[in-house]
Amino acid sequence: MARKTKEDAAATRESVLNATLDLFSEKGFSRTTFSDIAKKIGMTRGAVYWHFDNKPALLAALIEYANERKEDLIGVRVPDIHTVDDLRQAFVTHARIVREDAITRKFEFFLNYQMDWSAELLTETHKNLNKIRKSPLEEFRRCFEVPAVACRLQPGVNINHLVLTLAAFWTGLCKMHLGGCPAIDFGQMPEADIQLLSGFDFVETVRAGFDLIMRGVLKEESGNE
């Protein structure tokens with residue numbers, strides 16, 4: 001009976017998180033209430049509060065849930081980062097998952113277009129996430145400390161700057177892909193440029209962009225990576 005209760009609680013928690021993702025992506029964070037979530041899963045508001053004390057805690061749990069799921073999907077294809085090619089494949093696989101996996105795509109859309117951050121909420125969310133996991137940027141940074149990757153970098157490369165550049169590249173391109181460039185005022189932009197921005201191949205652009213950035217920091221090598 002105790003095991004069944006534990007399994008039921010885990011199933012309810014997952015139902016809450018999935019319903020939350022649906023509502024956050026449709027209505028946005030600020031306009032979604034615990035009552036909305038309870039109604040969507042056919043339970044009482046108390047059932048939601050039993051798992052999550054407040055919306056910042058719920059948001060942090062949703063971010064962790066979605067990221068763990070995404071990492072599992074990436075890990076099936078790229079279990080570990082041993083080389084620069086592994087890192088490239090992880091980037092490209094991440095792009096494919098955003099393009100093809102409905103839950104991941106919904107989560108990324110929510111974060112990019114339906115999330116109203118305030119300084120207070122950002123601080124509270126980071127505090128909650130820090131209790132759950134290490135910083136994603138710090139984990140990403142460790143990829144460049146793997147011997148086979150580190151030895152390929154040119155002397156004097158600032159790894160922090162490289163990590164932030166790749167993260168900014170990914171974030172910006174992902175937002176453009178998910179929203180069809182809604183934040184861009186095309187105005188008098190030439191038709192060819194409009195087509196380039198609104199109809200680009202997301203996965204191939206991630207691959208090409210990664211290579212362009214890395215080309216500036218990698219040593220030349222006679223053999224293939």
Side-chain angles (χ1 to χ4, degrees), residues 1-77 79 90 93-140 167 170-172 174-180 182-183:
M1 177 65 78
R3 180 175 179 179
K4 180 174 174 56
T5 301
K6 187 175 180 180
E7 290 174 350
D8 288 345
T12 300
R13 186 178 188 275
E14 186 169 350
S15 295
V16 170
L17 290 171
N18 284 321
T20 298
L21 179 56
D22 286 343
L23 290 167
F24 279 1
S25 63
E26 292 167 8
K27 301 175 62 173
F29 174 83
S30 61
R31 293 182 296 278
T32 298
T33 66
F34 273 28
S35 294
D36 294 330
I37 297 167
K39 182 177 180 181
K40 189 169 182 66
I41 62 174
M43 299 183 118
T44 65
R45 191 172 60 172
V48 181
Y49 275 111
W50 193 85
H51 290 278
F52 306 102
D53 293 336
N54 49 52
K55 281 177 70 176
L58 175 57
L59 174 61
L62 177 61
I63 292 173
E64 173 64 6
Y65 170 69
N67 281 335
E68 276 192 351
R69 186 178 182 281
K70 183 168 54 180
E71 287 168 6
D72 287 345
L73 291 172
I74 293 173
V76 170
R77 303 182 195 182
T93 299
H94 193 172
R96 285 203 180 100
I97 289 169
V98 169
R99 186 177 67 181
E100 298 166 7
D101 181 67
I103 292 177
T104 300
R105 188 178 182 85
K106 190 181 297 182
F107 173 72
E108 295 290 348
F109 178 82
F110 152 63
L111 279 187
N112 280 285
Y113 287 103
Q114 294 284 55
M115 186 63 218
D116 304 317
W117 290 107
S118 65
E120 181 181 357
L121 178 58
L122 197 56
T123 299
E124 185 66 21
T125 302
H126 278 300
K127 189 195 315 181
N128 285 324
L129 285 173
N130 286 338
K131 296 176 183 176
I132 301 172
R133 65 185 298 161
K134 296 176 182 177
S135 164
L137 284 179
E138 182 58 30
E139 291 181 358
F140 184 34
W170 165 261
T171 301
C174 186
K175 186 168 185 175
M176 288 174 67
H177 168 64
L178 291 168

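Basis for what follows: all heavy atoms, side chains included, without hydrogens, waters or symmetry-related copies. Remember, predicted model here, so these are calculated numbers, not experimental data.
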Assess the residue pair E14 and Y65 against the criterion (side chain to side chain contact (heavy atoms under 4.5 Å, CB included)); give the C-alpha distance rounded to whole Å, side-chain angles, the decisive distance to 0.1 Å, and a yes or no.
CA-CA 9 Å; E14 186 169 350; Y65 170 69; 3.4 Å; yes
Is the closest side-chain donor-acceptor distance between H94 and R77 under 3.5 Å?
no
Interatomic distance, CG@L178 vs CZ@F107, rounded to 0.5 Å, equals 11.5 Å
Counting C-beta onward and ignoring hydrogens, is there a side-chain heavy-atom pair between L121 and M115 closer than 4.5 Å?
yes
Kindly give the heavy-atom pair with the smallest separation between A61 and F52, and that separation in Å.
CB-CE2, 3.4 Å
Taking the side chain as everything from C-beta on, heavy atoms only, tell me whether F110 gets closer than 4.5 Å to L59.
yes
Separation of I103 CD1 from L21 CG (nearest 0.5 Å):
7.0 Å
Exam field: side chain N67 to backbone I63, donor-acceptor pair closer than 3.5 Å:
yes
Using 4.0 Å as the upper bound for N to carboxylate O, is an ion pair formed by R105 and E108?
no
Please report the shortest heavy-atom distance between I37 and A19, naming the atom on each side.
CG2-CB, 4.3 Å
Check whether any side-chain heavy atom of T12 lies under 4.5 Å from a side-chain heavy atom of W50, and answer yes or no.
no
Nearest-0.5 Å distance that lies between atom CG in L23 and atom NZ in K40:
5.5 Å
From CH2 (W170) to NE2 (H177), nearest 0.5 Å
8.0 Å
Do you know the tightest heavy-atom contact between N112 and C174?
ND2-SG, 4.4 Å
Y113 (side chain) donor-acceptor with K175 (main chain) under 3.5 angstrom
yes
Between CZ of R45 and OG of S35, what distance do you get to the nearest 0.5 Å?
4.5 Å
Quick one: does K106's side chain get under 4.5 Å of D22's, heavy atoms only?
yes
Does NZ in K27 sit with more than 12 non-hydrogen atoms of other residues, nucleotides or ligands closer than 6.0 Å?
yes
Would you check, one step at a time, whether the test side chain to side chain contact (heavy atoms under 4.5 Å, CB included) holds for Q114 with R31?
CA-CA 10 Å; Q114 294 284 55; R31 293 182 296 278; 3.9 Å; yes
Is the shortest side-chain heavy-atom distance between T93 and V76 below 4.5 Å?
no
Exercise: do S15 and N18 side chains pair donor with acceptor under 3.5 Å:
no
Shortest non-hydrogen contact between A167 and L137, atoms and distance:
CB-CD2, 3.8 Å
Between the OG1 atom in T20 and the CD1 atom in I41, the distance rounded to the nearest 0.5 Å is 8.0 Å
